[in-house]
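This one's a predicted model, so the numbers in the text were calculated from it and none came from an experiment. So you know, we letter chains A, B, ... as the sequences are listed, proteins then strands, and number each from 1.
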Amino acid sequence: MSVSGSMRLLPVAAFIAFSLAAGSVQAQTRAETLRYVTGASVNTLDPNIPGSTREAFAVSLSTYDRLVSFGRKQLNGKWVFDLGTITGELAESYEVSPDGLKMTFRLRKDAKFQDGTPVTAEDVKWSLDRVVTAPILGKAQLLTGSLTSADQFKVIDPLTIEVTLPKPDKLALPNLATVYPIIFNSKVAKAHATADDPWAMAWLKENTAGSGAYKIESFKPGEQVIMTRNADWNRGTTDKSAFFKRVIVQSVPEPATRANLVERGDADIVVDLQASDVQSLEAKGKLKVISTPQYNAVTFVSMNNQIPPFDNVNVRRAVAFALPYDDMFKAALFGRGSPLFGATWADGKPTSGAYPIAQPVKLDLDKAKEYLKAAGMPDGFSTTFSFNVGQASTAEPMAALVKESLAKIGIKVDIQKLPDAQMSTQINEKKLPFFTEGIVAWLPSTDYFYRNFYTGNQRWNYSSINNPELAEIAQKARFEPDAAKYEEDGIKLNAIHFSEMPQIPLWQPSQDAVMATSVEGYTYQFHRQVDYRDLNRK
Amino acid sequence: MQALGATVIRAGRRFLSSLPALFGVLVFTFLLMRVLPGDPAVFFASGPNAGKEEIEVIRKQMGLNKPVPEQLMLYLYDVGSGNLGRSMMTGQLVTKDLRERLPASLELTVTALLIALLSAVPLGVLAALRPGSVIDHGVRFFCALGVCVPTFVSGLLLIYVFYYLLGLAPDPTGRVDIFASLPPRQTGFLLIDFLLAGDFDGWWAAFRQLILPALSMALFVVAPLARITRASMLVSLGSDFVRTARSVGLPWWRVVVTYALRNAILPVITIAGIVFSTMLGANVLVEKVFSWPGVASYALDALLSSDYAPVQGFVLLMATVFVIVNLLVDILYGIADPRVTIG
């Protein structure tokens with residue numbers, strides 16, 4: 001028995017020995033490979049396709065170039081993208097005319113598409129025409145920078161393209177650095193266009209035709225994308241190709257598994273771990289954890305300003321003073337983020353015109369009760385508090401605390417946990433009275449936030465606020481060239497926000513990037529994903 | 001030979017008679033998805049600037065701008081021509097997604113069921129041979145434990161011990177090591193494809209990936225199989241023919257295996273069939289924990305985002321699998337007990 005047993009074990013032992021040997025051979029190329037794991041997945045290679053995920057944005061940033069890109073700056077010792085510095089990517093240089101109505105881009109002479117053909121102004125024109133004409137996501141984004149029609153893009157010579165604007169718009173140039181206006185190889189794309197699909201959307205969804213730092217090696221939607229380096233690419237900040245020879249983007253739905261992978265060194269970087277896991281990994285000290293407050297994102301408790309009882313400003317104020325902010329911040333985020341509560345405003349005026357700013361609110365039940373009395377509801381009322389399943393890990397503990405605290409001033413809260421699609425439908429139809437949600441702005445400026453999230457009868461106006469004064473100031477500020485006046489407008493907007501209290505800003509959660517100690521160069525990007533081109537291994 | 005032909009014809013007839021049921025499932029799921037609250041167009045138009053216009057574009061793309069009866073007719077026509085629609089989530093045709101993912105789920109479920117059967121049947125037999133003994137209680141305890149621990153807990157525990165602490169198992173991310181190369185796709189079952197390609201290292205790697213998820217699934221289903229084996233063995237051991245076999249002095253293994261077990265196996269096959277169909281659809285937790293690219297986690301993601309086509313496709317697929325498994329079980333009955341015919 002024992003003899004035959006060990007005989008049977010022999011091939012197994014041989015297998016193990018063999019796979020160990022194979023492992024050490026792999027290790028050499030492993031250092032040049034970046035393995036990124038995420039809970040989400042890549043569903044298209046063209047970020048413009050409706051329904052595309054954020055992971056798809058990150059992949060397209062590596063496979064395509066834009067005319068320009070954002071620089072980076074240090075914020076509290078961490079690298080973050082810098083909206084103020086715009087550098088050339090495919091453009092060697094650019095200039096904006098003194099009246100702000102004309103932008104001229106000169107393309108790099110050495111820029112080539114991955115098939116070896118040079119990048120020309122014709123390709124740029126076709127790509128920009130596509131993004132403002134085709135029924136795709138980029139259209140709505142570029143609208144925010146006054147880029148709306150193909151007539152605005154003009155080819156001057158094979159290496160020069162001119163963009164004209166109807167009004168000087170400070171968001172026009174930054175918009176060209178967002179994920180949507182990527183430059184396609186127009187000859188290849190046109191060859192795959194059909195009469196029904198003149199912009200080759202179907203083909204570009206599953207294929208790439210770009211000039212970016214990485215080529216697609218394999219693409220399995222919902223599972224993984226493997227990219228290999230484009231050695232000819234030289235648009236990096238240091239005029240070099242990207243560091244990693246191979247990038248693997250893999251979907252691992254279970255957050256605990258992602259934490260295990262990065263801790264064991266099998267994955268190199270992950271940005272979507274649970275706050276509790278980040279906490280314990282940071283405490284162990286074996287990995288590098290870079291936490292950056294997402295300074296272009298805000299989490300709210302929103303109230304529908306059109307539905308009773310939240311149409312009464314005093315009810316909204318009462319809620320604002322009845323939330324247990326500190327406990328919520330600890331329970332939901334483990335304190336990982338920057339709080340937007342507990343500020344003191346000298347003589348009640350906003351301290352700055354930036355958005356978002358910390359509000360002078362804190363848990364004060366007596367004050368909350370007074371406001372409720374002023375609203376004519378001293379005994380409180382009943383309502384529901386909703387959040388979506390996708391956010392349950394942070395929203396669930398938060399909802400329990402909201403319920404507990406509001407009960408103390410007589411507001412009875414039923415907690416409602418909704419599947420993501422159902423939640424977005426109800427928000428779009430303005431049916432939820434009281435809920436938590438978050439927003440992100442790629443181009444975070446005060447007027448942009450107020451115009452998109454506080455005006456109009458549209459989905460992103462979570463609180464459904466309809467305040468003509470606020471809308472007017474925000475519209476005017478958009479084209480305000482004078483920085484001092486812009487700041488003044490911002491202060492006015494923030495003051496209206498506080499006095500109307502349409503929704504309650506809670507905090508800006510941190511983006512916790514957890515990576516192997518050997519990985520360097522991580523920069524917090526506006527799209528809240530990892531730009532693989534930034535990274536290297538020491 | 002003639003008997004076999006008759007069986008095939010009967011099986012074919014059985015399959016045809018289940019088509020109306022499949023059609024019913026198809027229509028019912030279609031309507032159910034549309035009754036559920038949650039508008040997929042709004043969900044998928046969730047880019048930072050997506051407004052009414054984007055929502056309309058997606059609605060049109062998904063064909064949701066037409067009245068429901070017309071949508072149903074179009075869908076039935078598409079299904080009739082072998083097209084299950086397109087998933088918004090992955091951007092692929094549902095048939096392609098399912099074809100990619102079904103082998104992954106099947107491979108996992110079949111392995112888990114094999115492990116479960118190979119351990120449950122002997123355990124059940126042992127327990128039945130010595131009812132009330134330490135062995136019997138031990139088996140009962142083991143079964144209770146297996147049922148009590150949800151699959152994702154046992155999965156996470158196995159990962160913690162074998163991957164995180166001991167480092168014996170490969171990282172629990174899918175069907176094959178991410179750095180390894182895949183065999184040319186022939187059947188979609190990696191264990192078979194690697195064998196066909198003659199790549200034994202690859203086979204071993206795929207097997208190592210498979211073993212932990214299969215174990216955590218098997219643990220959960222050992223209990224019903226072992227319990228039913230025990231119960232039905234007890235009946236058959238107490239019957240007259242076993243007493244006769246014993247009294248004529250046949251060796252004990254022959255009595256137990258040939259006479260008692262063969263007669264006791266019918267209910268086990270029935271339960272195994274049911275367990276298999278349930279596992280295939282309900283192993284979503286295991287698939288999530290091990291990042292297994294199977295159909296169940298695909299369907300769950302689709303359901304959460306109200307992605308109609310994949311959910312409908314998945315339900316249709318599951319119904320079909322159920323029909324086929326039932327058919328298979330009936331045929332196995334015939335083999336186990338020649339007195340049973342399917343009709």
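No part of Ser41(A) comes within reach of chain B, as not one of its non-hydrogen atoms sits under 4.5 angstrom from that chain. For a residue to count as touching a neighbouring chain, one of its non-hydrogen atoms must lie under 4.5 Å from one of that chain's; by this rule Phe290(B) does not touch chain A. Heavy atoms of Ile248(A) lying under 4.5 Å from chain B belong exclusively to its side chain. Residue Leu303(B) does not touch chain A at all, counting heavy-atom pairs closer than 4.5 Å. For Arg175(B), no part sits under 4.5 Å from any heavy atom of chain A, backbone or side chain. Contact annotation for Pro172(B): both backbone and side-chain heavy atoms come within less than 4.5 Å of a heavy atom of chain A.
Chain B forms the most heavy-atom pairs under 4.5 Å with one residue out of Met423(A), Lys139(A), Gln426(A), Glu206(A), and that residue is Glu206(A). Ranked by non-hydrogen atom pairs under 4.5 Å with chain B, the options Val252(A), Thr33(A), Val42(A) are led by Val252(A). Chain B forms more heavy-atom pairs under 4.5 Å with one residue of Leu143(A), Asn260(A), Thr53(A) than with any other, namely Asn260(A). Considering only heavy-atom pairs separated by less than 4.5 Å from chain B, the leading option among Ile136(A), Ile49(A), Thr425(A), Ile439(A) is Thr425(A).
Pairs engaging residues 253-267 of chain A under the salt bridge (charged side-chain N to carboxylate O under 4.0 Å, His left out) rule: Arg258(A)-Asp272(A), Glu263(A)-Lys284(A), Glu263(A)-Lys286(A) [sequence neighbours left out].
The closest side-chain heavy-atom distance from Leu64(B) to Arg34(B) is below 4.5 Å. Ser52(A) has its side chain within reach of Leu137(A): a pair of non-hydrogen atoms, C-beta onward, lies under 4.5 Å apart. With contacts defined as side-chain heavy-atom distances shorter than 4.5 Å, the pair Pro170(B)/Asp177(B) does not qualify.
The line from CH2 of Trp292(B) to CZ of Arg101(B) is 12.5 Å long, rounded to the nearest 0.5 Å.
Not a single side chain to side chain donor-acceptor pair (under 3.5 Å) links Glu100(B) to another residue, sequence neighbours left out.
In this structure, Lys205(A) does not pair ionically with Asp197(A), as no charged nitrogen and carboxylate oxygen lie closer than 4.0 Å.
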